[in-house]
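A quick note: this is a predicted structure, and the numbers were derived from the prediction, not measured. Sequential numbering from 1 along the given sequence is applied to the chain's residues.
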Amino acid sequence: QVRLVESGGGLVQAGGSLRLSCAASGRTFSGYYMGWFRQAPEKEREFVAVIRWSGGRTYYADSVKGRFTISRDNAKNTVYLQMNSLKPEDAAVYYCAARDSGGAIFELKGYEYWGQGTQVTVSS
């Protein structure tokens with residue numbers, strides 16, 4: 001059974017940093033795309049960043065480019081999202097997701113597996 005478990009969320013002041021983790025289990029994820037999405041209250045879930053497990057190629061939403069970094073640790077089967085220079089508008093529930101094919105990797109559809117989410121709150 002595939003499981004994605006996020007952790008690392010919390011409350012941080014604007015300008016601060018957090019590192020989110022996504023522990024993946026239940027299958028081999030080589031070749032998969034591992035994404036981070038977020039959803040703020042009364043807003044649609046949106047793409048944040050994605051990494052291809054094999055090769056490590058990364059893509060970012062314009063709103064986080066230069067501030068967030070996605071990475072993975074093969075030995076720990078874990079994907080990370082390092083978030084720096086956080087802004088109040090970054091506050092949301094952050095979700096980890098996985099898909100085994102390319103294509104529309106910036107879109108929610110096509111991601112087969114999702115974690116339960118972790119809350120990030122940014123105070124101004």
What pairs meet the salt bridge (charged side-chain N to carboxylate O under 4.0 Å, His left out) rule with one or both residues in residues 70-88, with sequence neighbours excluded? none

For residues 21-49, which residue pairs pass the salt bridge (charged side-chain N to carboxylate O under 4.0 Å, His left out) check, not counting sequence neighbours? Arg38-Glu46, Arg38-Asp90

Indicate the atoms forming the closest heavy-atom contact of Ala92 with Ala40, along with that distance. CB-N, 3.8 Å

For Leu86 versus Arg67, what's the shortest heavy-atom pair and its separation? CA-NH1, 3.9 Å

Are [Y] and [X] linked, directly or through intermediate hydrophobic residues, by side-chain heavy-atom contacts shorter than 4.5 Å (ILVMFWY only)?
{"X": "Tyr32", "Y": "Tyr59", "value": "no"}
{"X": "Leu81", "Y": "Phe47", "value": "no"}
{"X": "Val93", "Y": "Val79", "value": "no"}
{"X": "Met34", "Y": "Val2", "value": "yes"}
{"X": "Val120", "Y": "Phe68", "value": "yes"}

Spacing of Tyr95 atom OH and Glu6 atom CD [to the nearest 0.5 Å]: 8.5 Å

Spacing of CZ belonging to Phe37 relative to CD belonging to Gln39, to within rounding of 0.5 Å: 11.5 Å

Please table the atom pairs, donor to acceptor, closer than 3.5 Å between any side-chain atom in residues 96-110 and protein atoms at least two apart or in another chain.
residue : atom : partner : partner atom : Å
Arg99   : NE   : Ser101  : O            : 2.8
Arg99   : NH1  : Ala104  : O            : 2.9
Arg99   : NH1  : Lys109  : O            : 3.3
Arg99   : NH2  : Gly102  : O            : 2.8

What pairs of residues pass the side-chain hydrogen bond (donor to acceptor under 3.5 Å, both in side chains) test when at least one of them lies in residues 7-16, not counting sequence neighbours? none

List for me each residue that meets side-chain contact (heavy atoms from CB on, under 4.5 Å) alongside [X], sequence neighbours excluded, and say none if there are none.
{"X": "Ser71", "result": "Tyr80"}
{"X": "Thr58", "result": "Ile51, Tyr60, Ile70"}
{"X": "Ser54", "result": "Ser30"}

Would you list the atom pairs, donor with acceptor, under 3.5 Å between side chains in residues 15-23 and any protein atom, with sequence neighbours excluded?
residue : atom : partner : partner atom : Å
Ser17   : OG   : Asn84   : OD1          : 2.9

Checking Trp36 against Val64 for the side chain to side chain contact (heavy atoms under 4.5 Å, CB included) test, could you report, in this order, the C-alpha distance in whole Å, the side-chain angles of both residues, the deciding distance, and whether it holds? CA-CA 12 Å; Trp36 285 97; Val64 307; over 6 Å; no

Listed by chain and number, what are the side-chain hydrogen bond (donor to acceptor under 3.5 Å, both in side chains) partners of Trp114, not counting sequence neighbours? none

Hey, what else clusters with Leu11 if you join Ile, Leu, Val, Met, Phe, Trp, Tyr whenever side-chain heavy atoms sit under 4.5 Å? none

